[in-house]
Peer 1: 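Structure in structure tokens, see below.
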Amino acid sequence: MFTKILTPIQDTMTDHVVFERALGIAKQHQARLMLLNVLSAGASPALPNPSLYRYPLVTDELMKNYQKKWADEESLGLKMLKSLSEQAKAAGVSAEFSQNFGNVGRVICHMAENWEADLIVIRRPDKSKMDELFLGSISNYVLHHAICPVLSV
């Protein structure tokens with residue numbers, strides 16, 4: 001029986017099925033749900049081109065724009081998590097959420113260990129087998145490093 005289910009959500013559109021599956025399992029087992037969004041350097045705004053750093057006025061403006069983009073990413077992530085948490089609570093499931101920064105696979109496994117999750121429900125990647133071979137995948141990392149069972153949707 002599951003009592004704590006961790007569900008990483010990066011995007012509401014692509015991870016809607018994952019959320020629905022985790023919500024269904026949580027309802028069935030009367031489990032708590034942890035929704036996790038991980039901000040990572042690879043998937044978020046890129047730093048300005050280093051060749052422009054010698055021009056202070058340009059650099060200042062670019063850095064302000066970069067900081068604003070990060071703030072927007074954080075805000076959108078929290079808004080998404082709050083909305084999904086409210087949907088879960090409306091369905092009768094106890095839900096909480098967290099937004100962290102770092103390597104996505106490592107953060108998921110670390111959160112699962114610290115929160116003492118019984119199950120991780122994660123999305124299977126849309127990558128081709130060749131991309132997965134060279135780039136790896138988050139779900140593959142989690143499958144091999146998680147301390148609890150992983151359901152790949």
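Side-chain atoms are counted along with the backbone in the values below, which use heavy atoms only and exclude waters and symmetry mates.
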Peer 1: Considering non-hydrogen atoms only, spot the tightest contact between G102 and S40 and give its length.
Peer 2: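 Taking every non-hydrogen atom into account, O-CB, 3.2 Å.
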Peer 1: Rounded at 0.5 Å granularity, tell me how far CZ in R123 sits from OG in S139.
Peer 2: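 Rounded to the nearest 0.5 Å, the CZ-OG separation comes to 8.5 Å.
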Peer 1: Hydrophobic cluster mates of I25, side-chain heavy atoms under 4.5 angstrom, ILVMFWY only, any path?
Peer 2: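 When side chains under 4.5 Å apart are linked, the cluster holding I25 also contains F2, I5, I9, V17, V18, F19, L23, L33, L35, L78, M80, L81, L84, V93, F97, L119, V121, L151, V153.
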Peer 1: Looking at R124 and N140, what are the two nearest heavy atoms and their distance?
Peer 2: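 Looking at all heavy atoms of both residues, the shortest contact is NH1-N, 4.4 Å.
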Peer 1: Please report the interatomic distance CH2(W115) to CG(L36), rounded to the nearest 0.5 Å.
Peer 2: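 Spacing of CH2 (W115) from CG (L36) equals 10.5 Å.
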Peer 1: Can you establish whether the number of heavy atoms outside E20 located under 6.0 Å from its atom CD is more than 12?
Peer 2: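 Enclosed.
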Peer 1: Can you tell me how far the CG atom of D72 sits from the NZ atom of K69, to the nearest 0.5 Å?
Peer 2: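 Between atom CG of D72 and atom NZ of K69 there are 9.5 Å.
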Peer 1: Measure the OG-NZ distance between S94 and K89 for me, rounded to the nearest 0.5 Å.
Peer 2: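 One gets 7.0 Å once the value is rounded to the nearest 0.5 Å.
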Peer 1: Tell me yes or no: between the side chains of Q99 and N37, is some donor less than 3.5 Å from an acceptor?
Peer 2: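 A pair is found: one side chain offers a donor N or O, the other an acceptor, under 3.5 Å apart.
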Peer 1: Let me check something: any side-chain donor-acceptor pairs from residues 105-114 under 3.5 Å, sequence neighbours excluded? List them with distances.
Peer 2:
residue	atom	partner	partner atom	Å
H110	NE2	N114	ND2	2.7

Peer 1: To the closest 0.5 Å, what do you measure between CE (M1) and NE2 (H29)?
Peer 2: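 The CE atom of M1 sits 7.5 Å away from the NE2 atom of H29.
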Peer 1: Apply salt bridge (charged side-chain N to carboxylate O under 4.0 Å, His left out) to K4 and D118, showing your working.
Peer 2: CA-CA 5 Å; K4 292 176 142 186; D118 300 315; over 6 Å; no
Peer 1: Quick check on the hydrophobic clustering: are L143 and I120 connected, directly or via other members, by side-chain heavy-atom contacts under 4.5 Å?
Peer 2: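 Linked within one cluster.
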Peer 1: Heavy-atom count around E96 CD within 6.0 Å, excluding the residue itself: above 12?
Peer 2: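 Counting neighbours around CD of E96, more than 12 heavy atoms of other residues, nucleotides or ligands fall under 6.0 Å, so yes.
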